Amino acid sequence: MSTYITTPIYYVNGEAHIGHAYTTFIADALARHARLRGSETYFLTGTDEHGQKIEESAKKNGQETQTFADAISATFKNLWDDFNISYDQFIRTTDAAHKKGVQHAFEVMFARGDIYKDFYEGNYCVSCEAFFPESQLLDGGCCPDCGRSTSVVKEESYFFRLSAYEQKLLEYYDAHPDFILPKSRRNEVINFVRGGLQDLSVTRTSFTWGVPIPQSLNDPKHVMYVWLDALLNYVTALGYGQNEALMKFWPASVQLVGKDILRFHAIYWPAFLMSLDLELPRHIGAHGWWTRDGEKMSKSKGNVIHPKEVSEAYGVENLRYFMMREVPFGQDGDFSQRAFIDRINSDLSNDLGNLLNRIIGMSGKYSEYRIDSLHVSTYHAKELADMRRIIESLEAYWSELQIHRYLEELWRLFAIGNKAIEEHAPWAKVKEGRLDEALATVALVANILAKASLLLHGVMPHTTQTIARALGFEISPQHFVRLIGEDALLEPFTIEVIPPLFPRVEAPLIAEAPKVLHGGGEAVAVQESKKMQPETKSVEGVITVEQFFAVSLRIGQVLEAEIVPKSDRLLKLQVDVGDAAPRQIIAGIREFYAPEALVGTQVCVVANLKPAKLMGMLSEGMLLAAKDERGLCLIRPESPKTVGTPIR
Ligand code: ME8
């Protein structure tokens with residue numbers, strides 16, 4: 001069966017934010033996942049460019065509407081290209097082919113008697129591009145969805161006979177319990193339909209920025225309602241009514257939307273499709289909304305998160321993982337850097353990254369980087385059976401869009417790997433001369449990482465390819481069949497030594513959102529800031545700039561790290577600080593860092609400290625670190641710097 005995945009088409013009244021990125025990441029993950037499973041896949045995204053809202057935004061910016069739409073549409077496309085989103089088509093509703101397709105659909109609906117002409121009088125919200133009956137308005141005539149003011153509109157309009165589809169829709173929801181995902185959102189849609197559907201005004205005459213209705217109706221003052229135009233993109237992109245070769249992908253497998261536009265996709269859209277005699281999508285997946293540090297994001301608050309800023313600081317793959325893992329699909333989520341950093345450090349760096357570092361280190365020491373699965377089933381039959389069970393349970397989560405659960409379960413594979421290393425202690429086996437056993441554990445972990453990288457590919461496409469290459473294979477449908485479908489193990493290979501994939505992040509990498517001050521807060525803030533003024537003269541312990549510069553701080557790179565025997569605290573490190581020879585530094589960080597996790601990472605070194613002896617060993621420097629009740633962390637450069645670079 002083929003796969004067709006769509007995102008909503010984004011309005012071109014402002015640039016992309018983290019909510020748009022979220023939908024697009026999920027859609028991209030679903031498309032990549034389907035391709036890897038060998039399904040012929042088509043992935044559509046694009047921009048929604050008509051309607052009063054866009055016309056007004058362009059006017060505010062003093063631009064022609066088309067010029068304005070071109071510029072903003074390009075920012076979306078460029079962002080998705082930067083993020084390596086694997087879309088097959090980027091549709092714009094101002095594309096000529098789309099407009100033709102929409103006009104064709106209008107004719108079909110009209111010919112069928114589903115569209116008729118009448119007068120509309122009602123309250124219109126420009127921001128939501130939606131009409132609301134008086135009874136639904138908030139106090140002061142405000143929009144029940146966004147709270148903004150509405151205006152009374154009275155105009156001639158064509159109507160779509162939505163009321164005629166009430167019963168058919170209810171029957172459809174009943175027969176297809178997983179049409180709306182998550183299922184918890186189903187009832188709100190059903191209740192809305194049960195409350196009664198009114199016919200929908202589908203043309204406007206008070207502005208011109210829209211698709212004109214077909215010439216055959218000979219009524220040129222009408223342009224189409226933006227939602228009719230927009231929803232039809234999902235089939236015009238496949239050539240509906242024109243060149244229909246791509247219509248083989250219809251019906252869509254999953255159409256992703258935010259919860260705010262579920263009504264349009266789960267009620268209007270299916271009714272339009274029924275009117276066109278087209279099948280309904282298999283699933284409409286509605287995700288929740290992202291807030292920042294518990295606050296709704298908005299331009300006026302200045303707390304909007306720009307996906308590019310976050311991805312440049314933390315990496316786009318880490319961002320994808322965080323967003324898909326952190327929030328149960330369908331629920332609202334909060335973007336906090338603390339939560340993001342925790343995910344990077346614990347899930348990615350500790351659980352996944354460390355496992356790879358450990359087998360690189362161990363196979364280097366014990367078998368010149370060769371890894372062979374030959375003895376895995378002899379020594380690790382139980383682990384293999386546990387892995388199988390977990391892998392078999394995963395697909396159900398994915399197909400219900402429970403991606404956070406999918407990832408949670410997938411991570412249990414890494415727990416199996418880490419536990420096997422601890423329990424089987426390959427280093428001890430090597431000492432006892434049981435090399436086959438030690439190498440079997442290393443190979444078990446290699447197989448865990450190989451299988452997990454295939455299963456994680458949709459979420460982290462680039463990183464999993466890097467892991468796969470280090471393990472001597474490529475992410476491909478063929479390898480998916482072998483390693484997952486047939487449960488085969490890796491062929492013998494030489495592991496590639498690669499730098500740690502997920503350097504730990506110790507502190508927020510982007511400026512925190514400005515805190516919104518509530519009544520009286522400003523005055524407090526001023527007093528606080530006065531208090532904070534350093535009164536240099538009277539404060540004890542102040543040093544001069546010259547004294548500070550007397551300390552030589554430099555960027556160093558850890559070349560080797562080993563445990564100091566008979567010490568619980570100390571590690572012996574060889575650190576390159578840009579001198580002719582590496583420095584030996586004895587550091588009290590053993591409780592907090594495994595030696596192999598340090599090799600290849602960068603640190604900040606006090607480089608002109610008088611050498612000292614610790615447990616009889618020379619130490620020629622110190623590492624900067626911070627310790628509090630949650631433990632110790634090393635201070636590191638935010639991005640890699642040339643070794644020896646002075647820190648100022
Ligand atoms: O609604 N968190 O476009 P749009 C999560 N053009 N998702 C968010 C969000 C947030 N803070 N803010 C917005 C439109 N979104 C129409 C769609 S489809 C035929 C037409 C989501 O640019 C929102 O829920 O206003 C929606 O799914 C998507 O971004 C596009 O919003």
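Bear in mind that the values here come from a model prediction, so they are computed numbers and not experimental data. For ligands, and for the atoms within them, numbers begin at 1 and follow the listed sequence.
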Could you list each nitrogen or oxygen of ligand 1 that sits under 3.5 Å from a protein nitrogen or oxygen, with the atom names and the distance?
unit_1: ligand 1; atom_1: 2 (N); unit_2: W290; atom_2: N; d: 2.9
unit_1: ligand 1; atom_1: 6 (N); unit_2: I9; atom_2: O; d: 2.8
unit_1: ligand 1; atom_1: 6 (N); unit_2: D48; atom_2: OD2; d: 2.7
unit_1: ligand 1; atom_1: 11 (N); unit_2: W290; atom_2: O; d: 3.2
unit_1: ligand 1; atom_1: 12 (N); unit_2: H17; atom_2: NE2; d: 3.4
unit_1: ligand 1; atom_1: 22 (O); unit_2: Y11; atom_2: N; d: 3.1
unit_1: ligand 1; atom_1: 22 (O); unit_2: H20; atom_2: NE2; d: 3.2
unit_1: ligand 1; atom_1: 24 (O); unit_2: D260; atom_2: OD1; d: 2.4
unit_1: ligand 1; atom_1: 24 (O); unit_2: D260; atom_2: OD2; d: 3.4
unit_1: ligand 1; atom_1: 27 (O); unit_2: G258; atom_2: N; d: 2.8

Check your understanding: Counting only heavy atoms not in D118, do more than 12 fall under 6.0 Å of its CG?
Key -> yes
Exercise for review: Look at atom CZ of R148 and say whether more than 12 heavy atoms of other residues, nucleotides or ligands are closer to it than 6.0 Å.
Suggested key: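 For R148, atom CZ is not crowded (no more than 12 foreign heavy atoms under 6.0 Å).
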Review point. Does the cation-pi check pass for R204 over Y124, that is, NZ or CZ under 6.0 Å from the six-membered ring centre and within 45° of its axis?
Key: yes
Practice item. Would you please name every residue forming a salt bridge (charged side-chain N to carboxylate O under 4.0 Å, His left out) with K221, sequence neighbours left out? Key: E156, D219
Review point. Ion pair present between D332 and K259, side-chain N to carboxylate O less than 4.0 angstrom?
Key: yes
Practice item. Establish, yes or no, whether a centroid distance under 6.0 Å links the rings of Y165 and F160. Key: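 When the ring centroids of Y165 and F160 are compared, they turn out to be within the sub-6.0 Å range.
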